[in-house]
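Beneath this line is the structure, given in structure tokens, with notes to follow.
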Amino acid sequence: MNLATKLIALLATLRTPNVPSVACNVITGILLAGITNPIHTPNAISAIACGILLYLAGNLLNDWHDRNRDAIHRPERALPKKIFQSSSYLSFAIVCSLAGLAFVAANPRSLTVACVILGLILIYTKSHKSTAWAIIPMGLCRALLPALGYFACNQPTLTAELIAIAAGLFIHTAGLSLIARSESNSSNRFSHIHLYAYPFLVVITCLAPHIEDARCIIHLWLAALPYLLWMTVALTLLRKSTFTGVSMLLAGIPLVDLTFILPFAMLSENPLPWLAFCVPPLALILGKSLQKIVPAT
């Protein structure tokens with residue numbers, strides 16, 4: 001087996017198209033911290049590296065744990081095809097986990113968040129095939145990524161803004177995870193109208209800290225427009241192809257960050273630098289481009 005085949009198989013295992021969105025979630029927390037405190041670049045980079053490494057560890061651990069089931073239901077994956085040894089996945093997952101924790105070891109708050117994420121990864125890995133409630137630890141893993149970046153910048157306490165972006169990411173991720181559970185079930189075609197309601201819950205949650213009076217509502221809905229348009233397309237495609245729809249939902253995760261970030265340009269007395277608003281679109285474009293090479297699920 002040639003090197004290119006092994007590389008593609010490894011990139012698929014790592015769900016590489018989702019890595020840009022993981023980095024974007026952490027960066028959102030860093031930017032939020034930067035509104036009131038100068039951003040310490042080494043700490044910020046360490047938080048981003050930690051988030052990515054924990055994500056990679058989770059994917060490796062997931063495929064290692066599911067290797068016997070995947071031999072029946074997902075034979076195209078690397079372990080059922082014997083491209084790699086299962087022990088190498090477990091070893092690499094442990095290395096990524098320890099390296100991720102090491103990156104934030106000097107910051108007690110970030111280290112605590114990273115340890116909680118790792119614990120949630122283990123819970124999800126153990127339970128995700130046996131119960132739909134596993135969408136909760138999955139969603140919480142995403143929800144905690146902004147906190148990882150926020151606390152890495154020496155912010156001492158939670159804020160309403162941090163809770164809002166965490167809740168928005170949780171709702172989006174839990175929703176798409178519930179949909180993805182039925183990816184291989186052709187009898188489930190998602191005709192329920194509640195699928196079109198949950199993006200509005202994401203928007204309301206992300207925008208809630210910015211709502212001060214009725215005059216700002218129009219500006220806030222403009223901030224939500226990119227996310228809502230993307231979700232309309234994704235949920236429409238979902239009715240035709242679960243795989244395509246879920247891939248769109250995954251690629252759209254940075255737009256949750258954008259919905260949260262844009263009001264800081266429109267309404268805040270302490271606006272973020274305009275460069276900050278380029279991060280979510282770039283993460284979306286990069287993630288969607290990588291989906292052309294390997295699948296996101």
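Heavy-atom basis, side chains included; hydrogens, waters and symmetry copies ignored. Keep in mind it's a predicted model, so treat the numbers as computed, not measured.
- Residues F277 and W221 are members of one and the same hydrophobic cluster, defined by side-chain heavy-atom contacts under 4.5 angstrom among Ile, Leu, Val, Met, Phe, Trp and Tyr.
- Put simply, CG on L90 and CZ on R67 are 8.0 Å apart, with the number rounded to the nearest 0.5 Å.
- Residues T112 and R109 have side chains not in contact (no heavy-atom distance under 4.5 Å, counting atoms from C-beta outward).
- Contact of the L61 side chain with the Y89 side chain is not registered, since no non-hydrogen atoms from C-beta on lie closer than 4.5 Å.
- Legend: ring-ring contact (aromatic ring centres under 6.0 Å, His included) pairs involving residues 113-133, not counting sequence neighbours, sorted by first then second residue: Y124-H128.
- Judged purely by distance below 3.5 Å, without hydrogens or angles, the side chains of N43 and N107 never pair a donor atom with an acceptor atom.
- Taken together through direct or relayed side-chain contacts under 4.5 Å among Ile, Leu, Val, Met, Phe, Trp and Tyr, I261 and L282 form parts of separate hydrophobic clusters.
- Following chains of ILVMFWY side-chain contacts shorter than 4.5 Å, one can reach L122 starting from L144, so the two form part of one hydrophobic cluster.
- Here the side chains of C153 and N37 are not in contact, with every heavy-atom distance at 4.5 Å or above.
- Other residues, nucleotides and ligands place more than 12 heavy atoms under 6.0 Å from the OH atom of Y55.
- Residues Y198 and L176 are in side-chain contact: their nearest non-hydrogen atoms beyond the backbone lie under 4.5 Å apart.
- Every pair passing ring-ring contact (aromatic ring centres under 6.0 Å, His included) that includes a residue from residues 143-176 is listed here, sequence neighbours excluded: H172-Y227.
- A heavy-atom distance below 4.5 Å is not found between the side chains of V116 and V113.
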